[in-house]
Protein chains: 2
Amino acid sequence: MTAGLRRARSEEQKQARRQQILQAAEHYVTEVGYEAFSMAKLAQYSGVVKGTLYLYFNTREEVFLTLYNRSLQRWGERFTQCLVQGMSDYDYVKLLYQTASADGLFIPLLVRLEHVIEHNVAMDSLVASKRQFINQINNIANQSAPILGLNLHQAVEVVKTMGVLLVGAIRVDQGPTWRWRQENLPADVRALLDSFSSERLFIKNACRIIKGIRTND
Amino acid sequence: MTAGLRRARSEEQKQARRQQILQAAEHYVTEVGYEAFSMAKLAQYSGVVKGTLYLYFNTREEVFLTLYNRSLQRWGERFTQCLVQGMSDYDYVKLLYQTASADGLFIPLLVRLEHVIEHNVAMDSLVASKRQFINQINNIANQSAPILGLNLHQAVEVVKTMGVLLVGAIRVDQGPTWRWRQENLPADVRALLDSFSSERLFIKNACRIIKGIRTND
DNA sequence: TTACTTAATGACCAAAAGTCATTTAATAAC
DNA sequence: GTTATTAAATGACTTTTGGTCATTAAGTAA
């Protein structure tokens, strides 16, 4: 148990404990990755016992969903802060890619969102998460529209599509093959992986798509 | 145990047993989905006992990797068979989308390939799988090039990029929110999901990308 | 000081992946 | 036809995990 706070009674104290757990979860998952993450260890990292975790989160996946929500927020703020008038499409998508990759949690969680995390989550949490997503999309689109020279509707389409492309493109980096690149992978397989460099793949096609949207294809 | 074959001695018999397990796994996973799949139940469905499964597959994930390999092959054959001279880009990508969705296993397994399945698989199996993937890509690109009016290099890029886009676009359909659409989802969240209709999303952007590749953007 | 509420605990359960000594079909040797 | 040999098949076992819940005790109010 934490030295200062032994038992959370008020709503603020409960929120503090929740944040304490999330903080620990963030460090822990960053350290060991998604697959090795266990609730027992998270309890240790948080300075509480396993049962306590379930007073603050219904399931393991709800912890991850919360971390995803936070990382989306964090990335959105960072990305929009870096937007500048007069950027080319290329600059825009490169910034998007690089800010997203720079966040250690956003991509790994985004990539697992629908097939893994959203299972085993209460509908309330899911709806709340989707609403936050809508807000983020709209916010980013609002700030992107003047920069890309698009109307709001087009900008919303761009932002949504960028998300789709990002997940698809970045997939390969998430597999174990990527980590084995240095080792004894056969040349043909290594060449395959190289041809799937996610940054190149994303940027190139993102530009094509923005161009298509701008010309109303 | 199977009535006819009690013990597999020859190499052919072992292959037959392996196929028997894979056949059962295919039905089973189609029925209950990826998340609910367990090795104990697979043993029941296969008519063997759990330990026997591990004589034919090193891990649960290796079963899935094999199923993925099969489904890729199956889809590739089906798709290329349906290709016809004179197709528009739109016809091409629509056929691609629809044949891929029609296969009950291909998409669910593809979507989990890197982040879930490829973990916990022996490197041999992984290399073999990647090699089969390379062959499929090249085969499909070969047959697509004349239809799309592209050279081989461009066609390879198209096929690879279609895969990337497909995974990204189809993601949303894999979440549980999709199944709840009929129910008591709030209107705003439902509208969000509708705006992410994977078929529209895929087809539209696939056309944009092919156009970009054709004009060497 | 006492009574009360409920956050925190940790022993517990169920499910699931994977292991391995033992059993026993199938074949070979005689 | 009988016996010896091989290794496929078995199922009891271990380990690890997510999740539960009766019990304990910290904090508050009477």
Quick one: A:Leu55 CG to D:dC21 C1', roughly how many Å, whole number?
-> 11 Å

Taking NZ, NE, NH1 and NH2 as the nitrogens, is one of them in B:Arg112 or B:Glu61 under 4.0 Å from a carboxylate oxygen of the other?
-> no

Return the nearest nucleotide to the side chain of B:Tyr54; candidates are C:dA25, C:dA8, C:dT19.
-> C:dT19

Check whether any side-chain nitrogen or oxygen of A:Tyr56 sits under 4.0 Å from OP1 or OP2 of C:dA8, and answer yes or no.
-> yes

The nucleotide from D:dA8, D:dT10, C:dG18 with an atom nearest the side chain of B:Asn120 is C:dG18

B:Gln20 CD - D:dA8 P separation (whole Å) | 15 Å

Looking only at atom types and distance, does a side-chain atom of A:Gln13 sit under 3.5 Å from a main-chain N or O of A:Ser10, one as donor and one as acceptor?
-> yes

When only distance counts, do a donor and an acceptor, one from the side chain of A:Lys50 and one from the base of C:dG10, lie under 3.5 Å apart?
-> no

When you measure from the side chain of B:Met39, which nucleotide among D:dA9, C:dA17, D:dG27 comes out closest?
-> C:dA17

Rounded to whole Å, the CZ-P distance (A:Arg7 to D:dT24) equals 13 Å

From D:dG27, C:dT23, C:dT9, pick the nucleotide closest to the side chain of A:Val49?
-> C:dT9

Quick one: which of D:dA9, C:dT5, D:dG18 gets closest to the side chain of A:Arg9?
-> C:dT5

Side chain of B:Lys14 - closest among C:dT19, C:dT9, D:dA8 = D:dA8

B:Arg17 CZ to D:dA7 P: how many Å, rounded?
-> 17 Å

So, B:Ser125 side chain and B:Val121 main chain: donor-acceptor pair closer than 3.5 Å or not?
-> no

Answer yes or no: is there a donor N or O on one side and an acceptor on the other, between the side chain of A:Asn139 and the main chain of A:Asn135, under 3.5 Å?
-> no

Taking atom P of C:dT9 as reference, at what distance in whole Å does atom CD1 of A:Ile21 sit?
-> 10 Å

Scan A:Phe57 against the nucleic acid and name what it touches under 4.0 Å (heavy atoms): base, sugar-phosphate only, or nothing.
-> nothing

Roughly, in whole Å, what's the span from CD in B:Glu12 to P in D:dA8?
-> 14 Å

Which part of the nucleic acid, if any, lies within contact of B:Ser38, taking any heavy atom under 4.0 Å across all strands shown: a base, the sugar-phosphate backbone alone, or nothing?
-> sugar-phosphate

Candidates D:dG19, D:dT10, D:dA26 - which lies nearest the side chain of A:Thr59 = D:dG19

In terms of ring plane angle, is the pair B:Phe106 and B:Trp75 parallel, tilted or perpendicular, where the classes change at 30° and 60°?
-> parallel

Distance-only donor-acceptor test (3.5 Å): side chain A:Arg60, base D:dT17 = no

Once you round it to whole Å, what is the distance between C1' of C:dA17 and CG of B:Leu53?
-> 11 Å

Separation of C:dG18 C1' from B:Phe64 CZ (nearest whole Å) = 15 Å

